[in-house]
Amino acid sequence: GEIEYATVEDLLAAAKEKGEPPFLVLSDGIEDPHNLGAVMRSALLCGAHGIVIPKRGGASVTPTVIKSSAGAAERLPVARVANIGETIRRLKEHGVSLRKNNLTGPIALVLGSEGSGVSQLVKKLCDGVVSLDMTAQGTGVDSFNVSVAAGIILYEIQSQRAAQD
């Protein structure tokens with residue numbers, strides 16, 4: 001069975017209830033259920049209020065995702081939306097955005113699909129692009145796995161937010 005999905009409003013309400021600036025993770029088409037589960041695990045551990053996934057064009061929360069999330073899928077609210085771009089527009093109206101290098105305010109982290117990354121349309125709606133410095137140039141290994149990249153960035157967001165307290 002699949003989990004019960006929340007709404008984006010529920011996620012924002014959860015942040016408000018905790019007295020914290022919203023911290024959301026958006027999947028722009030993560031396809032591999034193991035990656036989605038691992039992202040959810042890191043999101044929960046780093047204090048995100050929820051994850052938003054597309055109804056089409058990406059993994060939904062299946063038993064494989066739940067298993068890969070090490071139980072996080074049952075604790076982290078998940079909203080399913082028809083349109084990720086539209087959701088970003090709505091979040092911006094709620095003041096959720098990204099200030100370069102200051103990740104302590106309201107934030108939504110958008111993660112692209114494994115193959116093609118964040119779609120051009122969605123990228124245009126984002127306030128900025130975070131890139132991770134890599135060491136192993138010329139090895140043929142040209143990028144982090146999406147769930148690993150998410151973990152690195154989520155941890156950085158959590159560290160900055162913790163330093164604020």
Side-chain angles (χ1 to χ4, degrees), residues 1-15 17-18 20-88 90-91 96 98 103 106-119 121-123 125-126 128-134 136 141-162:
E2 289 198 354
I3 56 150
E4 243 181 78
Y5 291 102
T7 66
V8 175
E9 282 68 28
D10 294 338
L11 273 46
L12 293 169
E17 220 166 90
K18 289 182 177 163
E20 296 169 355
F23 176 10
L24 304 181
V25 179
L26 276 61
S27 158
D28 186 28
I30 295 172
E31 284 151 36
D32 183 325
H34 297 98
N35 282 339
L36 184 60
V39 166
M40 291 175 78
R41 182 179 185 171
S42 293
L44 181 75
L45 292 173
C46 291
H49 299 110
I51 185 165
V52 182
I53 63 173
K55 283 186 176 149
R56 289 186 311 278
S60 57
V61 183
T62 60
T64 306
V65 171
I66 292 169
K67 193 161 178 260
S68 301
S69 79
E74 283 127 323
R75 293 186 183 83
L76 182 74
V78 184
R80 269 180 105 179
V81 298
N83 187 317
I84 288 286
E86 194 47 50
T87 301
I88 293 172
R90 284 215 336 263
L91 287 171
V96 177
L98 179 128
L103 308 173
I107 189 167
L109 176 65
V110 181
L111 303 166
S113 78
E114 291 86 349
S116 49
V118 176
S119 63
L121 183 75
V122 166
K123 206 178 270 184
L125 294 167
C126 294
V129 176
V130 180
S131 61
L132 299 173
D133 295 332
M134 293 174 287
V141 180
D142 64 349
S143 65
F144 288 99
N145 165 290
V146 64
S147 71
V148 173
I152 295 167
I153 301 165
L154 288 165
Y155 192 80
E156 173 63 19
I157 294 170
Q158 185 226 8
S159 301
Q160 288 193 18
R161 289 164 84 101

* Structure fact -> Minimal heavy-atom distance between Gly29 and Ser113, with the atoms involved, is O-CB, 2.9 Å
* **Distance, nearest 0.5 Å, that separates OG1 of Thr87 from CD1 of Ile53** => 11.5 Å
* Structure fact -> Closest non-hydrogen atoms of Val65 and Ser60, given as atom of the first, atom of the second and distance, are CG2-O, 3.4 Å
* **Qualifying side chain to side chain donor-acceptor pair (under 3.5 Å) pairs, either residue in residues 143-152, two or more places apart** => Asn35-Asn145, Asn145-Ser147
* Structure fact -> Scanning both residues in full, the closest heavy-atom pair of Ala48 with Leu76 reads O-CD1, 3.6 Å
* Test salt bridge (Lys or Arg N to Asp or Glu O under 4.0 Å) applied to Glu31 - qualifying residues, sequence neighbours left out -> none
* Asked: By side chain to side chain contact (heavy atoms under 4.5 Å, CB included), which residues pair with Ala59, not counting sequence neighbours?
  -> Leu36
* side-chain hydrogen bond (donor to acceptor under 3.5 Å, both in side chains) involving Glu74 - partner list, sequence neighbours excluded -> none
* Asked: Which pairs, with at least one residue in residues 6-15 and sequence neighbours excluded, count as a side chain to side chain donor-acceptor pair (under 3.5 Å)?
  -> Thr7-Asp10, Glu9-Arg90
* **Which atom of Val118 lies closest to which atom of Lys123, heavy atoms considered** => CG1-N, 3.8 Å
* Asked: Hey, does the side chain of Asp28 reach the backbone of Ile84 with a donor-acceptor pair shorter than 3.5 angstrom?
  -> no
* Asked: Considering residues at least two apart in sequence or located in another chain, which fulfil the side chain to side chain contact (heavy atoms under 4.5 Å, CB included) criterion with Thr64?
  -> Pro33, His34, Thr62, Ser68
* Pairing residues for Glu156 by the salt bridge (Lys or Arg N to Asp or Glu O under 4.0 Å) criterion, not counting sequence neighbours -> none
* Judged by atom type as modelled, is there a donor-acceptor pair below 3.5 Å linking the side chain of Arg80 to the main-chain atoms of Val61? -> no
* With Phe144, which residues qualify under side chain to side chain contact (heavy atoms under 4.5 Å, CB included), at least two apart? -> Leu132, Met134, Val148, Ala149, Ile152
* Structure fact -> Here the pair of heavy atoms bringing Val8 nearest to Ala79 is N-CB, 3.7 Å
* Residues forming a side chain to side chain contact (heavy atoms under 4.5 Å, CB included) with Ser42, sequence neighbours excluded -> Leu154
